[in-house]
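Have a look at the structure below before the remarks.
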Protein chains: 2
Amino acid sequence: MGRVQEDMKRSGSCGLPPALEVMGERWSFLILRAAFNGIVHFENFSSELGIARNILSDRLSRLVRHGVLQRTPCEHDRRKVEYRLTEKGCDLLPAMLALRQWGEKYTMRTPANPVLVDTRDRRPIAPIRIRAADGRELCWRDLAWQDRSEPS
Amino acid sequence: MGRVQEDMKRSGSCGLPPALEVMGERWSFLILRAAFNGIVHFENFSSELGIARNILSDRLSRLVRHGVLQRTPCEHDRRKVEYRLTEKGCDLLPAMLALRQWGEKYTMRTPANPVLVDTRDRRPIAPIRIRAADGRELCWRDLAWQDRSEPS
DNA sequence: GCGGAAGAGTTTCGATTCGCCACTTAATTC
DNA sequence: GAATTAAGTGGCGAATCGAAACTCTTCCGC
């Protein structure tokens, strides 16, 4: 067995390192949250997050480089620039909410407010869970690693 | 840290900043992944992740301090120490998997292998999604913020 | 018991990154 | 055309990271 295979065996071909390459830095998730909240301009990110301007500049261009945000100069006011979530960026919402819900559950004194609701029935969304292909909820004990080529 | 309080003032009481306070640093999620893979000893974390020993030491005690890992000296060999996931730590699994699945979807050349399966039917787990209270899958457009005291 | 080795850190120190503040540049408003 | 706004960039001291060497305790073989 070659070294590459051994490496794969040890930690598998895992999507976590590349994800952290993009989102693992200090402000990335907070910038993402702001973007989900409708912030699009540099100055608004800056004042909303209280982040240093040079760091913000670096993080925004990093997120753009990785395709999470799209940078478009504003039509009607060409001083302004819009940073908008791409589809790839929107797909980070489950990860962000899972992290947020964990933070709410464990490290907050008061219950969260305001709360995220479904627009159709105005009820709070469900906690994010791991599910089997058929929809059953799973916990850590129910999970196992399996090689793709292995027979079931 | 005072910054969290400031953040709360600005954008509501959100669980994300405290979650990032715990898990936002460079190696925290990778250490967590290793813990989920059954790693318990300092030396194994070190060789598995290729992280500098001083940083690993700092991250582990940070995770212990925040109640994600529990540190217990080994019974039968008192040179060794075990770092095990607490319930609070186990509850990070959905967030970690959501991030991992995102990384697999967008930033990996080859499909992931091995793959995480349900032990009961040996089928791969479902993608992690946001759901309404009644189980319907939701996307970003279906979500809204609502004050707790507000009438529905 | 004793020499050697393993496990879990700690120290040291150079390299990198962070973060505050001032500055620049271009577009817009008055 | 003067002042203001938006989006950055540059300088510089402080904090953090990272690799390697070192410490300290515990275990193993003899």
Side-chain angles (χ1 to χ4, degrees), chain A residues 10-11 16-17 20-32 34-35 37-66 68-85, chain B residues 1-7 10 17 20-35 37-66 68-85:
Chain A
R10 247 187 321 139
S11 49
L16 195 57
L20 291 171
E21 180 81 18
V22 179
M23 298 304 299
E25 258 152 329
R26 217 172 194 70
W27 291 98
S28 304
F29 264 106
L30 292 171
I31 289 172
L32 194 80
N37 284 340
I39 306 285
V40 292
H41 298 303
F42 189 95
E43 293 295 337
N44 298 127
F45 281 109
S46 174
S47 60
E48 177 83 5
L49 301 175
I51 178 177
R53 305 176 69 79
N54 54 347
I55 307 295
L56 175 59
S57 177
D58 183 75
R59 291 300 173 276
L60 284 174
S61 51
R62 184 185 189 84
L63 290 173
V64 168
R65 210 164 2 97
H66 284 99
V68 170
L69 296 176
Q70 185 184 12
R71 181 187 185 281
T72 43
C74 226
E75 283 296 299
H76 56 287
D77 184 345
R78 258 174 322 210
R79 291 171 303 179
K80 294 188 183 178
V81 166
E82 288 188 351
Y83 290 94
R84 290 193 178 279
L85 288 163
Chain B
M1 203 173 277
R3 173 158 293 130
V4 172
Q5 314 301 5
E6 286 174 46
D7 252 352
R10 250 193 294 272
L20 291 172
E21 182 79 18
V22 180
M23 297 305 299
E25 256 151 329
R26 216 173 202 70
W27 291 97
S28 304
F29 264 107
L30 292 172
I31 289 172
L32 194 81
R33 180 191 64 168
N37 284 340
I39 305 285
V40 291
H41 297 304
F42 189 95
E43 294 294 337
N44 297 129
F45 281 109
S46 174
S47 61
E48 177 84 4
L49 301 175
I51 178 176
R53 303 174 70 79
N54 54 345
I55 306 296
L56 175 59
S57 177
D58 182 75
R59 291 302 172 276
L60 284 174
S61 50
R62 185 185 189 83
L63 290 173
V64 168
R65 208 161 6 96
H66 284 99
V68 170
L69 295 177
Q70 187 184 8
R71 179 189 186 280
T72 42
C74 227
E75 282 296 300
H76 56 288
D77 184 346
R78 258 176 321 213
R79 290 171 302 178
K80 294 188 183 178
V81 166
E82 288 189 350
Y83 290 95
R84 292 194 176 278
L85 289 162

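Nothing here was measured: the structure is a model prediction, and the numbers come from that model. Labels below follow one simple rule: chain letters A, B, ... track the order of the sequence lines, proteins then strands, and each chain is numbered from 1.
- With the end axes of the helix from C/dG1-D/dC30 to C/dC30-D/dG1 each set by five pairs, the angle from one to the other reads 20° at 10° resolution.
- For A/Trp27 and C/dC18, the shortest distance from a side-chain N or O to OP1 or OP2 is not below 4.0 Å.
- Distance CG (B/Leu56) to P (C/dT10): 11 Å, rounded to an integer number of Å.
- Side chain of A/Arg78, nearest nucleotide from C/dG19, C/dT10, C/dA27: C/dA27.
- The listed nucleotides are C/dA26, C/dC20, C/dG9; the one nearest the side chain of A/Ala52 is C/dC20.
- Extent of DNA chain D lying under 4.0 Å from chain B heavy atoms, first and last nucleotide in 5' to 3' order, is D/dC17 to D/dC27.
- Comparing B/Asn44 and A/Asp58 against DNA chain C, the residue whose closest nucleotide sits nearer the 5' end is B/Asn44.
- The phosphate of C/dC18 has neither OP1 nor OP2 within less than 4.0 Å of any side-chain N or O from B/Arg26.
- Listed here is the closest heavy atom pair of A/Tyr83 and A/Arg71: OH-NE, 3.5 Å.
- In this structure, the CD atom of A/Glu43 is 14 Å from the C1' atom of C/dA26, given to the nearest Å.
- With B/Leu60 as reference, B/Leu69 is the one residue of B/Val68, B/Val81, B/Leu69, B/Ile55 to meet the side chain to side chain contact (heavy atoms under 4.5 Å, CB included) rule.
- Toward the 5′ end of DNA chain C lies the nearest nucleotide of A/Asn54, the other residue of the pair A/Asn54 and A/Glu75 mapping further downstream.
- Nearest nucleotide to the side chain of A/Glu25, out of C/dG19, C/dA27, C/dC18: C/dC18.
- Put simply, CZ on B/Arg59 is 17 Å from C1' on C/dA8, counting in whole angstrom units.
- Computed from coordinates, the A/Ile55 CD1 to C/dC21 P distance equals 14 Å when rounded to whole Å.
- A straight line from NE2 of B/His41 to P of C/dG9 spans 12 Å, rounded to a whole angstrom.
- Using a 4.0 Å heavy-atom criterion, one finds that B/Tyr83 contacts the sugar-phosphate atoms exclusively.
- When the P atom of C/dA5 is taken as reference, atom CG of B/Asp77 falls 17 Å away, rounded to whole Å.
- Residues A/Val22 and A/His66 come closest through the heavy atom pair CG2-CD2, 3.5 Å.
- Annotation for B/Glu21 and B/Arg62: closest pair O-NH2, 3.1 Å, computed over non-hydrogen atoms.
- Whole-Å rounding puts the A/Lys80 NZ to C/dT28 C1' distance at 10 Å.
- Ion pair B/Glu43/B/Arg79 not flagged as a salt bridge, since none of the NZ, NE, NH1 or NH2 atoms sits closer than 4.0 Å to an Asp/Glu carboxylate oxygen.
- Taken to the nearest 0.5 Å, the CZ atom of B/Arg33 stands 9.5 Å off from the CH2 atom of B/Trp27.
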